[in-house]
Amino acid sequence: MTDFDCDVLIAGGGPTGVTLAVLLARRGIKVIVAEKEADIYPLPRAAHIDHECMRILQEAGVADEVMATSRRVARYDFLNAKGDVLLRIGGADSIGPGGWPVANMIHQPSVEAALRRSLATLTNAELHSRWELKTFANGKEDVTAHIATPMGERTVRARYLIGADGARSPVRDASGIAFDDLNFEEPWLVVDVFVDDYSRLPTENLQICDPERPTTCVLMGEGRHRWEFMIKPGETAEQVSDDAFIEKLLEPWNVKGAVQVERKAVYTFRARVAEKWRKGRILLAGDAAHQTPPFAGQGMCAGLRDAANLAWKLAAVIQEETSDRLLDSYQPERQPHVRATIDMAIMMGRMVCTTSKWSAVLRDMKLKLARMLGKLPESPPSYPPISQGAILIGTAAAGSYFPQFVAEDGSLLDDLIGTGPCLISRADLEDCRMQPFRVQLAGWFEKSNAEAVYVRPDHYVFGTGGPVKLRESWSAAHKRGF
């Protein structure tokens, strides 16, 4: 049988699911997105996108639109109760290896709306609201899904089903996939506000490591700002969500009359990773596969990275360019990165969430000494390269992130080389089209001691070496599924 309704059925129309749908559809893959809600959740959740994920949004055709409504921030400060700096991460407004500013503070519904508009321009993609996945059969050659729609039950037959359906993922649960709990669970009150007077608000992101009430204060896009307050033992969600209680929490910030509360919500910050991200023709992405505390601002970013990793692999498999065992590289490639970001967020969270005054004094002494000795990071961290999977192990820079260089006139490398796999050699630098990037590319080759580089569609380095050998190695590995 070949009568598929689509190549890929995506359960979940959030940023991970819709980004994946756009990237697949742009590669000629037929996609259906089933979203159980009637519309985009109207209130902000994620507040940050990094430079690598802006590059993913660039491929999805929405980066400029997202950038126009986001805000930049120069640094991220961790302060104690006295206002002393414990940790300062600077350079957040510089251009990162992805070719965009390192830290971009966003309004998630605006990002999602831009992604949906991009999806709507693609003829081989459909997004259906109020479609709720009820059951599915994970077959040898297909997935048959039964979906409740406003017009009654609908059966959809697809080659693959992606569970991008959030932390409570019905796809994950129905697949019998368990979570590895990383033992971080803290309830916090999140307060998002509209800003009427920016002059009275901080211009940097702050973590207030006060044992009396650990607090987060961060910028957002679209005229908003956010505070997060740790909930103390004995306090209830109803109590901390009361308007008078919130007004008292905001008093020390002296913002009365400068902001208007848009929403208040209690969240439990957790750290968990699904044990399996693939089960036959079912794959998990985003919060369905992993959840992180928000302190490193990497929750939504992790889902976008999942989408970028999956998109080119699914397309290659569906278009019969390679074996479907290529999909087995998804979790081994992505999980170490996810674990590293979660570990960093947990470290930050435990530093912030200290509620013992004596423990806080000891923490402050250790951090002040470490900062004085230069042993604390002063710039946004880099994440581990891919160490196994679809790479040419043993060659220089294999598995590293290949930068997107920015020319003096502002043009971006990806707009020249495209989104497919790409072989670039030193000889190519003589091409007049490469002239704007010649010096930067030459510097990369020199640093990597490489004659040529083969870059995967998700901007990670497959391998380096001689151009002929590289092309042969990619072709052979791609054909067999790596």
Side-chain angles (χ1 to χ4, degrees), residues 42-50 66-94 101-111 188-232 235 239-267 269 294-297 299-300 348-349 351-353 360 364 378 380:
L43 298 175
R45 287 169 288 178
H48 169 262
I49 295 179
D50 65 19
V66 170
M67 201 68 178
T69 62
S70 67
R71 298 179 68 204
R72 250 61 62 212
V73 60
R75 66 178 193 263
Y76 187 13
D77 281 353
F78 289 70
L79 310 178
N80 67 9
K82 296 179 180 178
D84 299 330
V85 176
L86 303 176
L87 172 65
R88 169 166 289 168
I89 299 174
D93 56 349
S94 62
V102 168
N104 306 280
M105 309 308 295
I106 53 97
H107 174 242
Q108 182 175 329
S110 299
V111 176
W188 282 62
L189 169 70
V190 177
V191 179
D192 290 326
V193 302
F194 293 114
V195 180
D196 295 321
D197 184 355
Y198 277 110
S199 69
R200 292 171 56 190
L201 271 69
T203 56
E204 62 280 332
N205 289 340
L206 299 171
Q207 292 285 357
I208 310 301
C209 307
D210 182 353
E212 185 62 30
R213 175 81 70 181
T215 300
T216 301
C217 174
V218 295
L219 284 68
M220 299 180 73
E222 291 280 13
R224 291 170 169 85
H225 205 89
R226 170 174 291 172
W227 279 268
E228 297 168 355
F229 302 96
M230 186 175 172
I231 298 175
K232 297 180 182 181
E235 292 178 338
Q239 177 185 357
V240 300
S241 299
D242 181 75
D243 289 344
F245 193 93
I246 292 172
E247 186 174 347
K248 188 172 182 180
L249 289 175
L250 290 175
E251 269 182 14
W253 297 89
N254 190 31
V255 292
K256 190 171 184 178
V259 301
Q260 304 172 51
V261 174
E262 179 185 19
R263 75 148 185 170
K264 49 197 178 180
V266 171
Y267 288 103
F269 298 158
F295 303 103
M300 180 173 160
M348 290 178 171
M351 181 167 67
V352 172
C353 295
D364 293 0
E378 296 182 349

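For the single chain, residues carry numbers from 1 onward in sequence order.
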If you round to the nearest 0.5 Å, how far is [atom2] of [Y] from [atom1] of [X]?
{"X": "H107", "Y": "S70", "atom1": "NE2", "atom2": "OG", "answer": "13.0 Å"}
{"X": "L86", "Y": "N80", "atom1": "CG", "atom2": "CG", "answer": "5.0 Å"}
{"X": "D242", "Y": "K248", "atom1": "CG", "atom2": "NZ", "answer": "11.5 Å"}
{"X": "L219", "Y": "N205", "atom1": "CG", "atom2": "CG", "answer": "5.5 Å"}
{"X": "K264", "Y": "F245", "atom1": "NZ", "atom2": "CZ", "answer": "12.0 Å"}

Response to the item:
Residue set satisfying side-chain contact (heavy atoms from CB on, under 4.5 Å) with D210, at least two apart, ordered chain then number -> A81, I208, E212
Worksheet entry | Listed partners of P211 passing side-chain contact (heavy atoms from CB on, under 4.5 Å), at least two apart | K357, A360
Given side chains that start at C-beta, do those of [X] and [Y] come closer than 4.5 Å, heavy atoms only?
{"X": "I246", "Y": "F229", "answer": "no"}
{"X": "D192", "Y": "M220", "answer": "yes"}
{"X": "F295", "Y": "M351", "answer": "no"}
{"X": "W253", "Y": "P202", "answer": "yes"}
{"X": "L249", "Y": "T215", "answer": "no"}

Minimum heavy-atom separation for [X] and [Y], please, with both atom names.
{"X": "P44", "Y": "P109", "result": "CA-CD, 3.8 Å"}
{"X": "D197", "Y": "L201", "result": "O-CD1, 3.5 Å"}
{"X": "M230", "Y": "W188", "result": "N-CE3, 3.3 Å"}
{"X": "W227", "Y": "V193", "result": "CZ3-CG2, 3.7 Å"}

Set of residues satisfying side-chain hydrogen bond (donor to acceptor under 3.5 Å, both in side chains) with respect to [X], sequence neighbours excluded:
{"X": "D50", "result": "Q298, R305"}
{"X": "Q108", "result": "E112"}
{"X": "E247", "result": "K256"}

Worksheet item: Pairs in or reaching into residues 190-221: which pass ring pair (Phe, Tyr, Trp, His ring centres under 6.0 Å), with residues at least two apart or in two chains?
Response: none
Is a side-chain donor or acceptor of [X] paired with a backbone partner of [Y] at a separation under 3.5 angstrom?
{"X": "R226", "Y": "R45", "result": "yes"}
{"X": "D93", "Y": "P101", "result": "no"}
{"X": "N104", "Y": "I49", "result": "yes"}
{"X": "D77", "Y": "L79", "result": "no"}

Discussion item. Check this for me, if you would: do K82 and D84 make a salt bridge, where the nitrogen-to-carboxylate-oxygen distance has to be below 4.0 angstrom?
Written reply: no
Worksheet item: Is it true that E235 and R213 have a side-chain N and a carboxylate O under 4.0 angstrom from each other?
Response: yes
Discussion item. Checking I89 against R75 for the side chain to side chain contact (heavy atoms under 4.5 Å, CB included) test, could you report, in this order, the C-alpha distance in whole Å, the side-chain angles of both residues, the deciding distance, and whether it holds?
Written reply: CA-CA 6 Å; I89 299 174; R75 66 178 193 263; over 6 Å; no
Discussion item. Side chain to side chain contact (heavy atoms under 4.5 Å, CB included) for V218 and H48? Distances and angles first, verdict last.
Written reply: CA-CA 9 Å; V218 295; H48 169 262; over 6 Å; no
Item to complete: Check whether more than 12 heavy atoms from other residues, nucleotides or ligands sit under 6.0 Å from atom CD of Q239, and answer yes or no.
Response: yes
Practice prompt. Walk me through it: do Q207 and T216 pass the test side chain to side chain contact (heavy atoms under 4.5 Å, CB included)?
Written response: CA-CA 5 Å; Q207 292 285 357; T216 301; 2.7 Å; yes
Practice prompt. Could you go through the side chain to side chain contact (heavy atoms under 4.5 Å, CB included) check for M348 and F78 one step at a time?
Written response: CA-CA 9 Å; M348 290 178 171; F78 289 70; 3.9 Å; yes
